[in-house]
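Step one of this worksheet: look at the structure below.
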Amino acid sequence: MVRRPQTLTQQIAPSPAGVEGAKAETRTWKAGPRALSVDLAKVARPAARKFGFADARLFADWPIIMGEAIARMTLPLAIKRDKTGDRRTLVLKCSAAAAPLIQHYTQQILERVNTHYGFSAVTHLQMKQGPIPPPPLPPKPRPPLSAEAEAALQGRVSEVETEPLRAALLALGRCTGNR
């Protein structure tokens with residue numbers, strides 16, 4: 001069963017007296033759970049603007065935009081604008097060993113960033129040399145369930161009629177059963 005958000009209406013101001021056809025001002029909003037991404041973008045926007053980004057998409061999507069190889073060697077720091085606003089420079093941090101390679105790929109980097117935004121967001125590239133933090137380690141694999149735990153899980157989901165749901169419940173049980 002899908003629960004739909006309830007629409008609420010609140011009267012802000014009463015209808016003006018003596019005016020024909022005038023209606024009271026009301027405000028309408030939807031009550032219920034909202035996506036975290038809606039509120040997170042509002043919170044992250046001031047911090048991103050401090051460093052010249054219109055939004056935090058460039059940070060979050062950097063590996064997708066550049067590809068894993070270049071993303072491991074670089075880190076976006078800021079987008080600088082000159083006084084006229086015509087020149088927008090993407091400032092990247094990279095190691096000294098990666099700088100010649102990044103300089104060679106300057107045009108491709110600018111094209112990928114502009115393609116991601118859908119407009120000419122950056123026109124120049126500036127590199128700052130420094131250490132790049134290592135990527136996070138992948139999570140450790142969980143040990144498999146014991147034979148008796150697997151049998152108990154199979155018994156619990158055996159009554160589920162649809163095969164895709166049964167398979168999903170088994171996978172969920174295997175992930176949460178060995179904590």
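Keep in mind that the numbers below use all heavy atoms, side chains included, and drop hydrogens, waters and symmetry copies. Everything numeric in this text was worked out from a predicted model, so none of it was measured.
Here the CG atom belonging to L75 is positioned 11.5 Å from the OG atom belonging to S95, to the nearest 0.5 angstrom. In this structure, the separation between OG1 on T123 and CG on D82 is 8.0 Å, given to the nearest 0.5 Å. In this structure, the separation between CE on M66 and CG on D61 is 11.0 Å, given to the nearest 0.5 Å. In this structure, CZ on R81 lies 10.0 Å from OG1 on T89, to the nearest 0.5 angstrom. Rounded to the nearest 0.5 angstrom, L110 CG and L90 CG are separated by 7.0 Å. Interatomic distance, OH of Y105 versus OG1 of T74, reported as 12.5 Å (0.5 Å rounding).
Side-chain atoms of R88 and S120, non-hydrogen and from C-beta on, do get closer than 4.5 Å to each other. The side-chain heavy atoms of I132 and K93, taken from C-beta on, include a pair separated by under 4.5 Å.
Counting all heavy atoms, side chain and backbone alike, R174 lies closest to L153 at N-CD2, 3.7 Å. Across all their heavy atoms, L58 and P76 have their closest contact at CD2-CB, 4.2 Å. Taking all atoms of both residues into account, the shortest heavy-atom contact from E68 to P63 is OE2-CB, 3.6 Å. In terms of heavy-atom proximity, C94 sits nearest to M127 at SG-SD, 4.0 Å.
When the shell of 6.0 Å around CD of Q103 is examined, it contains 12 or fewer heavy atoms from other residues, nucleotides or ligands. In E159, the CD atom is not crowded: 12 or fewer heavy atoms of neighbouring residues, nucleotides or ligands sit closer than 6.0 Å.
At a threshold of 4.5 Å between side-chain heavy atoms, the hydrophobic network of Ile, Leu, Val, Met, Phe, Trp and Tyr places L165 and V157 in one connected group. Taken together through direct or relayed side-chain contacts under 4.5 Å among Ile, Leu, Val, Met, Phe, Trp and Tyr, L172 and V160 form parts of separate hydrophobic clusters. No path of Ile, Leu, Val, Met, Phe, Trp and Tyr side chains, each step under 4.5 Å between heavy atoms, connects I64 with Y117, placing them in separate hydrophobic clusters. F119 and L125 fall within a single hydrophobic cluster, where Ile, Leu, Val, Met, Phe, Trp and Tyr are joined by side-chain heavy atoms under 4.5 Å apart, directly or via other members.
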